[in-house]
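For reference, the structure is listed below as structure tokens.
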Amino acid sequence: EWLDTCDQYLQYVAKPFSSVSFGDLWKCDQENWSEAYKEWSVVQFWMGFLVAMTVGITRFVDHKNIITTAINVGVRILVAFVLAHLAWFSVSKKKGCFCCLVACCECPPVLLLWGFVDMLWGVLGVVDALRDLDTSCKLCFLLPVFQGLYSVALVYMGLACWKMFVREGHQVLPDKMVARGPENERLTASS
């Protein structure tokens with residue numbers, strides 16, 4: 001099902017800010033958090049692309065192996081797309097889905113898991129960029145800058161997940177749920 005949405009997501013990537021404008025995306029109160037998440041996932045892809053290109057340029061200028069650099073850049077771009085697409089599918093399209101290789105676990109609390117993962121990935125990205133900061137490289141200072149911008153998108157995606165959970169999914173079980181046991185016997189908290 002996820003693979004079937006590649007064309008749909010590529011259309012979003014080709015036209016960023018089509019449903020939420022760049023200015024409105026920064027607001028902490030959105031009319032539709034799912035649409036905001038979609039747009040932030042597109043921003044996340046493009047920032048991942050920019051980080052990958054920055055890594056490629058800095059390694060090229062620093063006379064690193066061109067083949068290894070090209071492979072690294074290609075893998076980074078592919079991973080940025082897969083992660084952005086998977087996040088959009090799991091959060092905006094499915095409203096809380098944890099995808100495994102053969103199955104998808106769908107429930108609103110998964111939005112909290114995605115929010116945590118988004119924020120953690122953003123923080124770890126900055127730490128990684130600072131760890132790789134090399135003072136002998138002329139352009140390496142750009143990597144933490146772009147990685148920081150990439151992380152802003154991820155942190156805001158985490159916030160959007162939280163807001164979606166609060167607005168739409170905080171109630172895991174319906175109020176009037178009745179469980180029936182063997183032979184249609186009604187189960188209660190004291191049973």
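Keep in mind that what you see is a predicted model, and the values were worked out from it rather than measured.
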Shortest non-hydrogen pair, S41 vs Y9, comes out as OG-OH, 2.9 Å
Interatomic distance, CG@L50 vs CZ@F45, rounded to 0.5 Å, equals 11.0 Å
Kindly give the heavy-atom pair with the smallest separation between N32 and R167, and that separation in Å.
N-NH1, 4.4 Å
Would you mind writing out the side-chain donor-acceptor pairs for residues 142-160 within the sub-3.5 Å range, not counting sequence neighbours?
residue, atom, partner, partner atom, Å
Y150, OH, Q44, NE2, 3.2
S151, OG, G122, O, 2.6
S151, OG, Q147, O, 2.9
Y156, OH, L25, O, 3.3
Y156, OH, K27, O, 2.0

Hey, could you give me the CG/CE distance between L124 and M119, rounded to the nearest 0.5 Å?
13.5 Å
Ignoring hydrogens, what is the shortest heavy-atom contact between P109 and F165? Give both atom names and the distance.
CA-CE1, 3.8 Å
Min side-chain heavy-atom separation S18-K38 under 4.5 Å:
yes
Heavy-atom side-chain contact between V166 and K163 under 4.5 Å:
no
Using a 3.5 Å distance criterion without hydrogens, assess whether the side chain of S92 forms a donor-acceptor pair with backbone atoms of F89.
no
Reported CD1-to-CD1 distance for the pair I71 and I67, which is rounded to 0.5 angstrom
6.5 Å
Whether the K93 and T5 side chains hold a donor-acceptor pair (N or O, under 3.5 Å, no angle test) is what I'd like checked.
no
Mind telling me whether W88 and Y12 have parallel, tilted or perpendicular rings, with 30° and 60° as the class edges?
perpendicular
Do any N or O atoms from the side chain of E39 and from the backbone of S21 form a donor-acceptor pair under 3.5 angstrom?
no
Should the pair W26 and F22 be assigned to parallel (<30°), tilted (30 to 60°) or perpendicular (>60°) ring geometry?
perpendicular
May I ask you to test the F17-D24 pair for a side-chain heavy-atom distance under 4.5 Å?
no
Given D118, which partner from the list W162, W40, Y37 fulfils the side chain to side chain donor-acceptor pair (under 3.5 Å) test?
Y37
Could you tell me which residues satisfy side chain to side chain contact (heavy atoms under 4.5 Å, CB included) with L86, sequence neighbours excluded, listed by chain and number?
W2, S90, C99, W114
Minimum side-chain heavy-atom gap K95-L111 below 4.5 Å:
no
Within this structure, what is the CG-CZ distance for the pair N65 and R59, rounded to the nearest 0.5 Å?
10.5 Å
Mind listing the closest non-hydrogen atom pair of I77 and A52 along with its distance?
CG1-CB, 3.7 Å
Find out whether V42 and W46 are in side-chain contact, i.e. whether some heavy atom of one side chain is under 4.5 Å from a heavy atom of the other.
yes
Counting only heavy atoms not in F81, do more than 12 fall under 6.0 Å of its CZ?
yes
